[in-house]
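Encoded as C-alpha cells, the structure appears first; notes follow it.
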Amino acid sequence: MVTFRGKYIIFALLASVGLTGCGLKHWLGEAPPPTRIVSKDDANSQSGPGGDCASWDKIYEGTEEESSATFECYAAKEPDVWKKIRGARPGELTEREISLLIHNGIISFDGGEAGKQLWTRRFVAIKHLLGFGPTITKERVDRWISWFRAHRSAIRNSYKKLVPFENVNAFSYGDMQVALGTAASFLRELEWKKSSTELYPLLRDAFAITDKQTLTGLEPGVRVVRNFLGFICPLQSESTHLQTAEIADCFDNALDHFKPSARWVEFMINDKSSILDKEAGRIKASIEVAEPLVDRWFSQPHMNAIDTRLWLEFAKAMGAHPPDNFIDSLQLINKVDHGSDKYAIRPVVMNRVFALITQYESLMLDAIPQFSRAYRTHQCQNGKATSWKDCILKDFSVREKSQTIDMVLRVKNPRHGIEAVPLDGSVMSAIAFFDAAAEQMIQIFDENKDGVISVNVSTGQDEIVTFITSSIETYQSVDRYISNLGKRLNGAALDMLHDDQGAVTLSPQWNLSAFARLVASSHDVLVERTETQRNIFEKVLSNVSNTFPTGSVILDRPAITAILTTLTSLPHYRQYALEEILGGKDAAKEAMNGDFMITREVYRAHIGDMLKRNFPRTYQRCNEFGFDKSCFIAFDEIIPSPDETRKYISQSDLDLATITAIGMEGVFDNCGKKKDGTLSYSILDGRDELDCGFNKMKEVGSRLIDSGIVQVAPQTKALADMILNVINSTTVTRPLGKVALIRGSKSMPFLNLPLFWAFGKKATIGSSYGLLSDIIASDRVKDAKRSAR
Amino acid sequence: MTQRSILYFILASMGLSSPLFAAVFQSSTSFQGEQYAADEKGTSRIDLNFSLTSSPDAQDPDHTSKAYSLPARELHFYSFYETGTGGDHSFDLDRTVLRLTVANPDNVQGHLWIGRTHPLIEATQGTSPTYLDAIGTNWAQNQSDALNPRVVGWVGVGGHIEDSNHAFSLTTAFSPLFLPSFGPRLQLSENEAANGSRFSRLPPQYVEQGDATLPLRYKINTGAIRNIVLQPQAFVSAGYSNADMRFDVLDWTAPNPSPDIDTDFALVTHTSGAVESDSADVMIEARPKFRRQHFTGFRYEANGIFGKPLIAGTYEWFRKEYTASVQSTPIEYLSVGALNRWVPSASKPTSSATITPSLSDGLVWAELRASFYHDRIIPSFHVEKHLATANLGHMLRPKIIYAASSNLNIYAYAQVMRGQDRSYFGDWRSLGSAAMGVNWQW
C-alpha cells in the first residue's frame, strides 16, 4: 500500500526522528525570544505625557475656548494620575516616594546621578514653596486645580497683555487689578510664613542655584526683599519673615488705594505713543490726584525703613561691587527726610521720589505729543523709527511748542554726537529725568533758596559731587546686580564684572568724581540758558562773587541737568570714537571693557576720524584752519598717558577729548550768534562774540587749572595765566587776546592788531584749537608749520 | 467555576448514575518520557482518555439505516499530566451528549440532543471541526496541549432534522453556558513575575518608564464569573448533501473564546522597611472582555472529486473579519491545507510588545502519514508554517508508531519550532523536544 517513493520519504522521517532522539539539542532548541518589554515608544503611543490634550502653552497663548479646553483636558487627567501612581497611602505621595521615582529613573532627567539629586531636591523645594507640607496630597492638588480653574482666564488675559509680542492693547488699571489680584490670590493660596533662613534652602533647591556667589547672596537677598516689601507695604510679621497672606493683602489694598489715580498708573506702565495734548492734560490731572494718595500710603504704620546695610551686604555678597562710600553717600538722604539717615531710609522719602516722578512725567507729557506727532506723520530724521522713543526729531522748531524739548536742546547740543546721543524720545526722556532730578537737588541743597547750589570742584570732597557720583555708581551697581541676578537665575554665564563697563570710567588718572568736577567746571559752556535763566544766574553770581571760594562753581538747574546729561553721554561718545579708532563695533564694545590700552600712534592716526564722527563741525573748522597745527596737537596733548614714555593711552581717557570738544563747541554756540563755529566782533548781549568766547574760555581754563583738575607744568601754567588773565585784564590788552584767538597763535599779537581792526576776521573752533595747541605745545606747532611749508 | 465543577454539573444533568452509558467503553493510557532542549532534566507525561458510547445508535435502533452514525449517548474524557515545573495538565470532559430521535424514519428524520457537543458534529453526522479550519479556529478550544489544540463543543441543547433522502438538513443549537478557550497554564500575580507552563504565552514582563525598566505585575479582574459563563450562544445551519459532496451554511453567535484584554496600569511604590529596599513596579489591571461575535460561514466538502477538498469560510460581522481554510488529500498519505484570517488594519494592535500572534495568520500545513508492515509501523510527518511577514515561523513534528500488539503501541516523536521574535512558533522556538512513549488501549 505504500509506494516505493513513499518508502524513501518514510525512511527520511525515521532518520529525522532518530537524529532528534539522539539529542541534537542545538537544532531543537534555539535561544528563546527576548523577554517582552513595553518600550517607551509603545508606552507613549498608548498614553503620552498629555495624551489627547493640546500643548500646555495653549492655556495661556490660545483663544479663550482653546485655553479652557486645554486646561480642563489636563485637569480631567488628575484623578487618573492618582490612580496611576500609587504610594503607600491612597491619594498621597511622600518625599520618600518622590525620591524613589526620581532615583530609579522613572521620572528621568539629564545629568546622571547628580541630576537626580538636584531634581529630587528641586521637587521637594517646590512642593514646600507651593505650601504642600511634607506630603503631596490629592486634596491639596485638587485645591490648586480649583484655584487655577478660577484664575485661568485672568492669567491668560494678563499674559496676553504683558507679553510684548502679544501686547496689542494698552495695559489698563483694570488689567493690573486682575493681574495683581491673581498674584495676591496665589500668595494667599501659598499660605506660608517663612524666615530667610528657611527660605534659603528652598529657593536654592527650587531654582537649582549652584553659583557660589549667588548662593552667598541668596539669604541676604531674601532679607532685602523682605526689607523692600516692608518699605512699600505695611507688614506686621517679624522683619526676618515673609508671610504670603499679608503681602497679598498689601497688593489688594494698594490696588484699591491708587484706583483714583488709575490714569497716571496707566501712563507709567504703557507705551506712550498714543499720547497727544488732550490726553496729556488728563494725565496731569490724575498725577495731582495721586499726590495725596502717595503721601497717605507711605505714611501708614507698620512700614519699615530701608536698611541700607542689608542692601550693602547683599550687593557685596552678589559681587555687585557697590561703591566703597555707598553708605556714607546716603547720608545726604537726611537732607530729604530728617528722620532718615545713611543707615535707614524711611518710607516717607517716597514722597520726594514721587515729586521727582511727578516732575519728570510733567516734562514728558509736555514733549511726548511732539515726538508722537513726528512719528505718526513720518517727520523723524530716521525713517525707520519704530516708535516715538527712537524717533529723532527733524524739525527743532517744535521747541516753541514744548518747553521740555526747548530745555533738552539747551542742555544737549544737537550739533555733535548725532549718532552717539541722537535727540530721540529716549534721550529726551533721560534728559527730562535729569532735569527733574536737578530740580529736586536744588530743593534739597539750596539752603539760601536762591535757586542755585555751589559745588567745590577743587578737592573732590564736595557733597553734591559725591552725591552725583555715588548715585551714578550705585545705579550702575544695582543695575549690574539685577542683570547678573537674572542671568544667574536663568543659568546663563555671567559676564565678567568690570568697574568701568559701559559707564563713566575709572581710569588710573581719573575717577568719576574728577569727571564730575571737570564737567561741573565746564557747566557754563554746556548749557545754553534762556535770557531769563541767564539774568537770574548772573544776578546770583554777582551777589556771591565776593565770598565765593576759589575752585568752586555755582550751578543752577539747567547746569545740573547739563552736567548729568554730559556725564552719562560720555560712554556713548567713547564707543563711537573707539569704533573709528579700532575699526568696528565689536572691537569697540570689547574695548569698552576693562583697561584697554591704545598706542598713541594709533590714536593719533584716528583723531580726525574720531572728530569727524562725533564732532563734524570741529573737524571741519580745524581742517579750514589747518588740522595738523590745531586739533591734531590739541587732542593729542590733552590725553594723558599712564606711561612715562607716552606710548599708550587708556581708552577711558578718550572722555577727556569728548569733554574738551563739547566744551569748545559750547563756547562758540553760547557766544556766537550764527552758531556756525565762528566768533566775530558782532555785538551779542552787550559784548562782542570774541569777548564772550575769550572770557568763557578763560574762566573755564582758569578754573580747571586752579582746581588742579587739569595739571600743567609750572612754565605752561605761568604762560597760561599771562594769556588768560593779563591779556584779559584791560580793555587795551583784551584785543590782543582776540587777535590770538582769531589767528590761532599766541605769537606777535601786536603786529596783527591792524588786521583785526581792518578786516574784522573771525575766530573759529579751528583757530581756538590752534591757540590752545600753541599754548600747551608751541614746539610741535612750529614743527607743524615748518612741515606745512 | 472550575473545570471540575463544570464536569460534575454536566454529569449530573445527564443522569450518569443511570445505566445509559454501560454499552461500549473504550480507554487508552499513554506514558511517555520527554526531553525539552532547554531543560536540564527530562520530564514525563501521562495521558488518560476514555469514552463511553452507546450501542446500538439512538437514531437507528435496528441498524436498518446507515445514514445516521451518531450514537445515542456519548461521553469522552481527555486528560494528561506533565511533570516538571514547565509541565501542564488538562482534565476535560468534552463530548458528553444524549441524543433522542424525534422523527419518523420514513419521512423526516432528526434528533434532539442535550449535553456537550459541537453543533457541527450534529449537523454533519460526526465531522468534527479542527483547529486548522476556518470554523474550528474561531471556536472555543482546549489549548492546554499547545501544539495539539482541540476544538470543544457547547454545553446545551439542539436539534437536527433531515429530509427522508438525507439531502437537506437543518440544525440548530442553543447553549446558555459559555466556556472560553483554555490555554496553557498561566499564573499572573500582583506580587510576583508572571509565570506558567512552558507553552504559556507570557504577557510583557517589563515596561520602560523614563530611564527605568520596571517589572510588570498583573491583576486579573474578571468581574463576576457568572457574567462570563452565563452568556447564551446560538447556532443554526442548513445543509445539502449527496453521495459526492456536502455543503453547509452556518450562522452562530457566541462570545469571543479568546478575550480582548482591557488594561489599566498604575505605578506602585514600595517604601516600607529600609530605604535601600525601596522599589517600584507597574501594576497592570487586566479586564478580559469576551465580546460577542456573530459568524456566518460555509463548509463545502467534496469527497467525490480528486483531492477530496474541504473548503470553509467565515465572516465575523462586528469586527468584519474573514477567515478561510482549504484542505485536501491529493494522495493517500498526504494531506495539505491552508488557513488565513483577514483582519481590518484598524483592529490591529499598535504595540509590538502586546501583539498576540495568531495561528490563523497565513498558515499552511501538510501531513505525511503512512503505514506498512501490516499496519504495525505508522510513520508520520506534520509541518505547519506561517507565511505572513510578521508571523514567519514553522513547526515540524516527525512521529513514528510501532503497534506491538492490538492493544499496545510504542511511539516516538520530535517537535521543532522555529520563527522570528513574536511570531506564533517563534515564541516557542526554544521548546523543541523529543519524546518516546507507550500507549495501552483496552
Side-chain angles (χ1 to χ4, degrees), chain A residues 1-3 6-7 9-47 80 82-88 93-94 96-109 112 116, chain B residues 35-38 202-214 216 264-272 275 278-280 283 332-333 350-354 368 370-372 377 379-381 396 398-400 412-418 420-422 426-427 429-434 436:
Chain A
M1 79 192 234
V2 177
T3 62
K7 288 186 177 177
I9 296 168
I10 303 298
F11 175 78
L13 291 175
L14 285 171
S16 67
V17 171
L19 288 170
T20 54
C22 289
L24 284 179
K25 195 169 179 177
H26 178 70
W27 188 62
L28 281 173
E30 287 189 358
T35 305
R36 291 189 183 210
I37 298 176
V38 181
S39 69
K40 282 180 191 172
D41 292 340
D42 288 336
N44 288 339
S45 71
Q46 290 168 29
S47 58
D80 199 39
W82 288 104
K83 291 178 190 167
K84 292 275 187 281
I85 302 178
R86 291 185 204 154
L93 213 50
T94 63
R96 185 171 164 182
E97 286 162 346
I98 293 170
S99 173
L100 171 69
L101 295 178
I102 295 173
H103 280 279
N104 283 17
I106 297 164
I107 303 173
S108 62
F109 300 102
K116 289 176 181 176
Chain B
Q35 176 64 53
Y36 283 89
L202 296 179
Q205 301 292 289
Y206 296 95
V207 61
E208 291 177 350
Q209 175 62 46
D211 294 335
T213 301
L214 298 171
L216 287 167
D264 202 354
F265 70 91
L267 181 75
V268 181
T269 59
H270 305 283
T271 52
S272 58
V275 175
D278 286 357
S279 65
M283 175 73 69
E332 186 185 353
Y333 53 84
T350 53
S351 164
S352 60
T354 54
L368 279 164
S371 67
F372 52 113
I377 296 177
S380 65
F381 186 83
L396 308 174
K399 183 175 183 179
I400 187 164
Y413 68 86
Q415 295 181 135
V416 178
M417 283 72 67
R418 303 187 76 174
Q420 63 192 26
D421 295 349
R422 309 288 162 253
D427 268 2
R429 67 190 179 208
S430 62
L431 298 177
S433 67
M436 186 172 280

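Naming convention: chains lettered A, B, ... in sequence-line order (proteins, then strands); numbering from 1 in each chain.
In this structure, chain B has a heavy atom under 4.5 Å from the side chain of A:L101, while its backbone stays farther away. Residue B:L202 touches chain A through its backbone alone, counting heavy-atom pairs closer than 4.5 Å. A:I107 does not touch chain B: none of its heavy atoms, backbone or side chain, sits under 4.5 Å away.
For B:M436, the CE atom counts as loosely surrounded, since its 6.0 Å shell holds 12 or fewer non-hydrogen atoms of other residues, nucleotides or ligands.
For A:R96 (side chain) and B:T271 (main-chain N/O), a donor-acceptor pair under 3.5 Å exists by modelled atom type.
Residue A:I106 comes nearest to B:A280 through the heavy atom pair CD1-CB, 3.6 Å, listed as atom of the first residue, atom of the second, then distance. A pairwise comparison of heavy atoms in B:A266 and A:K83 identifies CB-O, 3.0 Å as the closest pair. Looking at every heavy atom in both residues, B:R422 comes nearest to A:P34 through NH2-O, 2.7 Å. Residue A:A31 comes nearest to B:S430 through the heavy atom pair C-CB, 4.2 Å, listed as atom of the first residue, atom of the second, then distance.
Distance check, rounded to the nearest 0.5 Å: CG of B:D278 to CG of A:N104 gives 8.0 Å. To the nearest 0.5 Å, atoms CD (A:E97) and NE2 (B:H270) are separated by 10.5 Å.
Legend: residues meeting side chain to side chain donor-acceptor pair (under 3.5 Å) with A:T35, ordered by chain and number and at least two apart, are absent.
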